[in-house]
2 protein chains.
Amino acid sequence: MLLSKTSEYGIRAMLHLAGVGGDEYVSVKKISETLDISFHFLTKIFQQLAKSGLIDSYRGPNGGVRISGSASKITVRAVVGALDGEDLFSKCVLGLPGCTKDHPCPLHEHWIKSRSAIEQMMSEKTLEDVGADLRAGGYRLKAGALWSED
Amino acid sequence: MLLSKTSEYGIRAMLHLAGVGGDEYVSVKKISETLDISFHFLTKIFQQLAKSGLIDSYRGPNGGVRISGSASKITVRAVVGALDGEDLFSKCVLGLPGCTKDHPCPLHEHWIKSRSAIEQMMSEKTLEDVGADLRAGGYRLKAGALWSED
DNA sequence: CCGTTTTAAGACAAGGATATCTTTTTTGTT
DNA sequence: AACAAAAAAGATATCCTTGTCTTAAAACGG
C-alpha cells in the first residue's frame, strides 16, 4: 500500500475542507459522518495535522477545524509528509539504508524517477485546486456519492 | 511504505539468484546469510514464490531454490504481484472502492499516471537484466557491501 | 456558575505484518 | 537402515497500525 490509512483519511478530510471553502470551523464529528471515517481516529489525525501547522482547531460550541492560512499554500505532498513522514519520498524501494547514486541498489536509478514523479504530482496539487475541482462537480471523496451529494 | 518487507526481501532474494545465474539450487540458509535476512521468514517468502511458480524448490542435501524457467521471463513486477498482490497496481490512492475514470476521486487522473509509471518500471526489469547488472558490478543487495563482495 | 459542545489526551483492544522457534517431510549419503 | 541436510508446515511471539472507548480540558450560552 502506498499510503497508510492515516494519510488516506487525512487527505480526504483536508480535501473535503478545501471543497467547503471559507474559514469557518467545521466539527470533526460532522466531517467523520460525511466521509464515513471513524470519528475518534479522525480526531487523532487532525491532532497531528494541527501539530504540523496545517490546520487550526478550536474547542467548544461551533468549534472544529479549518485549513490554516491559505489553501493555495498547502499541497497533498505536505499532508502526506505530516502524516506518513518522508519515507515515501526518500527511501530505497528495497529498504536498503544509504541507497544513493554512489551506492545504488539495482533499481535505484529507475525508482528515483518514479518516486520523483509521485512527489511532483502530489506537490502540484494544492488544496485550493482540488477544492475548486470538487465544487465544479464530478468527483468523489467517499465510497458512495459525489462530493456535492455529501 | 511502497512495498511490504515480504516484497523487499523477496525481490532482493530473487535478484540475488539472478546474479548467481545458472540453474543450480541454492539453499535458503545461504541466501539468508548472504543478504542478512531472517532465515525462517525468507523460507516462507520462497514458499509463496514457489506456489506462484516463480521458483523451483528441492529438498534434501544440495537442495534449495532456483529461478523457475528463464530469468528473462520473470520481472520485478511479477515478484511484487506474487507477494504483495495487485493492490499497488490497481487501487485508488485514497483507498476509495470503484475509483474509475467515470467515478474518480480528485487525484484519480494524476495517480493512475504515477501508478502506471511504477508498474512499467517494474515490468521492464527482468531478472536476467538485473543479474547482468549485478555481475557487471557497482550495485548492492544488502546494507554493507557490493554484490560481488557478498 | 452550570450545563452543553467540542477538541485533546490517554488507555485499551483487535488485527495484520514481521519475526522466531519447533516439528515434519523429503532427499541424498554412508 | 541410519543419519544428515534441507525445504515445508505449523505454532507462537512481538510490534505497529488501526480502531474504540473513556476522561480531561477548553469554550460558549444561558
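First the proteins, then the strands, lettered A, B, ... as listed; each starts at 1.
- Scanning atom types as modelled, no donor and acceptor separated by under 3.5 angstrom connect the side chain of His40(A) and the base of dT18(D).
- Rounded to whole angstrom, the span from the CG atom of Asp36(B) across to the P atom of dT20(C) amounts to 12 Å.
- Residue-to-nucleotide contacts include no donor-acceptor pair under 3.5 Å from the side chain of Lys44(A) to the base of dG19(D).
- For the atom pair SG (Cys99(A)) and CG (Leu107(A)), the distance works out to 8.5 Å, reported to the nearest 0.5 Å.
- Contact annotation: side chain of Arg59(A) to base of dT7(C), donor-acceptor pair present below 3.5 Å.
- In terms of modelled atom types and a separation under 3.5 Å, the side chain of Arg77(A) and the main chain of Val80(A) share no donor-acceptor contact.
- Contact between the side-chain N/O atoms of Ser57(B) and the OP1/OP2 oxygens of dA6(D) is not found at any separation under 4.0 Å.
- Between Tyr25(A) and dT7(C) there is no side-chain polar atom (N or O) within less than 4.0 angstrom of OP1 or OP2.
- In this structure, of dT18(D), dA27(D), dT7(C), it is dA27(D) that holds the atom nearest to the side chain of Pro61(A).
- For Phe41(B), the listed nucleotide lying nearest its side chain is dT20(C); candidates were dA8(C), dG28(C), dT20(C).
- Contact annotation: Thr6(A) reaches the phosphate of dT18(D) (side-chain N/O to OP1 or OP2, under 4.0 Å).
- Following rounding to the nearest Å, Leu49(B) (CG) and dA7(D) (C1') show an atom-to-atom distance of 14 Å.
- Within a 6.0 Å radius of CD in Glu149(B), other residues, nucleotides and ligands contribute more than 12 heavy atoms.
- Comparing dT7(C), dA6(D), dT5(C) against the side chain of Ser27(B) picks out dA6(D) as the nearest.
- For Val28(A), whose side chain is taken as the heavy atoms from C-beta onward, the closest listed nucleotide among dT7(C), dT18(C), dG28(C) is dT7(C).
- Taking atom CG of Leu42(A) as the reference point, atom C1' of dT20(D) lies 14 Å away to the nearest angstrom.
- Across the interface with DNA chain D, nearest-nucleotide mapping of Gly63(B) and Tyr58(A) shows Gly63(B) to be the residue nearer the 5′ end.
- Across the protein-nucleic acid pair, Gln48(B) atom CD and dA9(D) atom C1' stand 14 Å apart, rounded to whole Å.
- What separates CG of Leu3(B) from P of dA17(C) is a distance of 14 Å, to the nearest Å.
- Distance Ile31(B) CD1 to dA6(D) C1': 12 Å, rounded to the nearest Å.
- Distance, Lys29(B) NZ to dC21(C) P: 11 Å, rounded to whole Å.
- The number of heavy atoms from other shown groups lying within 6.0 Å of CD (Gln120(B)) does not exceed 12.
- Between Lys91(B) and Glu86(B), none of the side-chain N atoms (NZ, or NE/NH1/NH2) sits under 4.0 Å from a carboxylate O, so this pair counts as no salt bridge.
- Checked against dG19(D), dA8(C), dA9(D), the side chain of Tyr9(A) finds its nearest nucleotide in dG19(D).
- Taking atom NZ of residue Lys30(A) and atom C1' of nucleotide dT7(C), one finds them 17 Å apart after rounding to whole Å.
- Phosphate proximity of dT20(D) to Ser38(A): present, with a side-chain N or O under 4.0 Å from OP1 or OP2.
- Leu146(A) shares a hydrophobic cluster with no other residue; no ILVMFWY side chain has heavy atoms under 4.5 Å from its own.
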